[in-house]
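Only heavy atoms go into these numbers, but all of them, side chains included; no hydrogens, no water, no symmetry mates. Naming convention: chains lettered A, B, ... in sequence-line order (proteins, then strands); numbering from 1 in each chain. Being a predicted model, the structure only gives us computed values, none of them experimental.
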Amino acid sequence: MAAKKTKEIKENLKQVLPSGARDASFFEQVFDVVRLIPKGRVSSYGAIAFFLGTKMSARMVGWAMNAAHGMKDVPAHRVVNRNGMLSGKMHFATPTRMEELLKKEKIKVENDQVIDFEKKFWDPAKELS
DNA sequence: ACAATGACGACTC
DNA sequence: GGAGTCGCCATTG
């Protein structure tokens, strides 16, 4: 059921984007930012939300990530919560997929948590200015 | 149209 | 310092 929903989201997003990016504008920005996250680095929902102007609405970033699953170019695995925890790993194809991907990028993950999160943290507002 | 939910965050107890 | 509560914004029921 959830998969079907994701598909619907993706299709809906695809339709909305080229038509008149107003509802998906937020999503588009999120995708762009996440896509710009360097390899071996991670970011947080709050940081992205802040960069987009809605710093208080990290939830929406998470929701955008859900839709981002349809976009393979969007490394959602590099986006974790402000605590550095892989809060969204359960939403991947497999719960271990996120951790595997992160480890693949030299990011240490232990107990669903990114090690040295502060060092790996990539702040869009800071890097992209 | 109203109420509830959510890959979060910050504040309060 | 750990746990609980409220707030935010958009989507879904």
Among the candidates B:dG9, B:dG6, C:dT11, find the nucleotide nearest to the side-chain atoms of A:Met60. B:dG6
Please round to the nearest 0.5 Å and tell me the distance separating atom CG of A:Leu128 and atom CG of A:Asp32. 8.5 Å
A:Leu102 reachable from A:Phe92 in the ILVMFWY side-chain graph, under 4.5 Å edges: yes
Check whether A:Val30 and A:Leu36 end up in the same hydrophobic cluster, where Ile, Leu, Val, Met, Phe, Trp and Tyr are linked by side-chain heavy atoms less than 4.5 Å apart. yes
d(CH2, A:Trp63; C1', B:dA4) in whole Å: 14 Å
I'd like to know if the side chain of A:Asp123 reaches the main chain of A:Ala125, judged simply by a donor and an acceptor atom lying under 3.5 Å from each other, with no hydrogens or angles considered. yes
Residues touching DNA chain B, which here means a heavy atom under 4.0 Å, drawn from residues 86-101 of chain A: A:Ser87, A:Gly88, A:His91, A:Phe92
Suppose we screen for ring-ring contact (aromatic ring centres under 6.0 Å, His included). Which residues come up paired with A:Phe117, at least two apart in sequence or across chains? A:Phe121
With a 6.0 Å cut-off (strictly less than), is the heavy-atom count around CZ of A:Phe50, excluding the residue itself, greater than 12? no
Only pairs at least two apart or in different chains count here, so list each side-chain hydrogen bond (donor to acceptor under 3.5 Å, both in side chains) that has a residue in residues 36-52 of chain A. none
Is the base of B:dA7 touched by the side chain of A:His69 through a donor-acceptor pair closer than 3.5 angstrom? yes
Could you see if A:Val79 belongs to whatever hydrophobic cluster contains A:Ile115? Use Ile, Leu, Val, Met, Phe, Trp, Tyr and a side-chain cutoff under 4.5 Å. no
Write down the distance between CG (A:Asn83) and C1' (C:dG2), rounded to a whole number of angstrom. 12 Å
Looking at residues 36-47 of chain A, who's got a heavy atom less than 4.0 Å off DNA chain B? A:Tyr45, A:Gly46
What is the separation between atom CZ on A:Arg82 and atom P on B:dA7, rounded to the nearest whole Å? 19 Å
Enumerate the residue pairs fulfilling salt bridge (charged side-chain N to carboxylate O under 4.0 Å, His left out) with a member in residues 95-113 of chain A, sequence neighbours excluded, ordered by first and then second residue. A:Arg78-A:Glu105, A:Lys89-A:Asp112, A:Glu99-A:Lys103
Atom-to-atom span, CG of A:Asn66 to P of C:dA10 - whole angstrom: 16 Å
Which listed nucleotide (B:dA10, C:dC9, B:dA7) is nearest to the side chain of A:Ser57? C:dC9
Taking side chain as C-beta onward, heavy atoms only, is A:Ile37 less than 4.5 Å from A:Val42? no
I'd like a list of close polar pairs between nucleotides 3-6 of chain C and the protein, N/O only, cut-off under 3.5 Å.
none

Kindly list each side-chain donor-acceptor pair under 3.5 angstrom involving residues 80-87 of chain A, sequence neighbours excluded, with atom names and distances?
{"residue": "A:Asn81", "atom": "OD1", "partner": "A:Asn83", "partner atom": "N", "Å": "3.3"}
{"residue": "A:Asn81", "atom": "OD1", "partner": "A:Gly84", "partner atom": "N", "Å": "3.0"}
{"residue": "A:Asn81", "atom": "OD1", "partner": "A:Met85", "partner atom": "N", "Å": "2.7"}

Grab the two heavy atoms, one from A:Ile107 and one from A:Val114, that are nearest each other, plus how far apart they are. CG2-CG1, 3.6 Å
Nearest whole angstrom, please: distance from the P of C:dC8 to the CZ of A:Phe50. 17 Å
Could you tell me which residues satisfy ring-ring contact (aromatic ring centres under 6.0 Å, His included) with A:Phe51, sequence neighbours excluded, listed by chain and number? none
When you compare the protein's N or O atoms with those of nucleotides 11-13 of chain B, which come within less than 3.5 Å of each other, and at what distance?
none

With a 4.5 Å cut-off on side-chain heavy-atom distances among I, L, V, M, F, W and Y, is there a chain of contacts connecting A:Met98 to A:Phe31? no
So if you build clusters from Ile, Leu, Val, Met, Phe, Trp, Tyr with side-chain heavy-atom gaps below 4.5 Å, do A:Trp63 and A:Val34 land together? yes
Among the nucleotides B:dG9, B:dA7, C:dA10, whichever has the atom closest to the side chain of A:Met65 is B:dA7
With the side chain counted from C-beta on, respond yes when A:Trp122 and A:Val33 share a heavy-atom pair under 4.5 Å apart, and no when they do not. yes
Pull out every residue in residues 113-127 of chain A that has a heavy atom closer than 4.0 Å to any atom of DNA chain B, ordered by number, or say none. none
Which is true for A:Ala49 with a 4.0 Å heavy-atom rule: it touches a base, it touches only sugar-phosphate, or it touches nothing? nothing
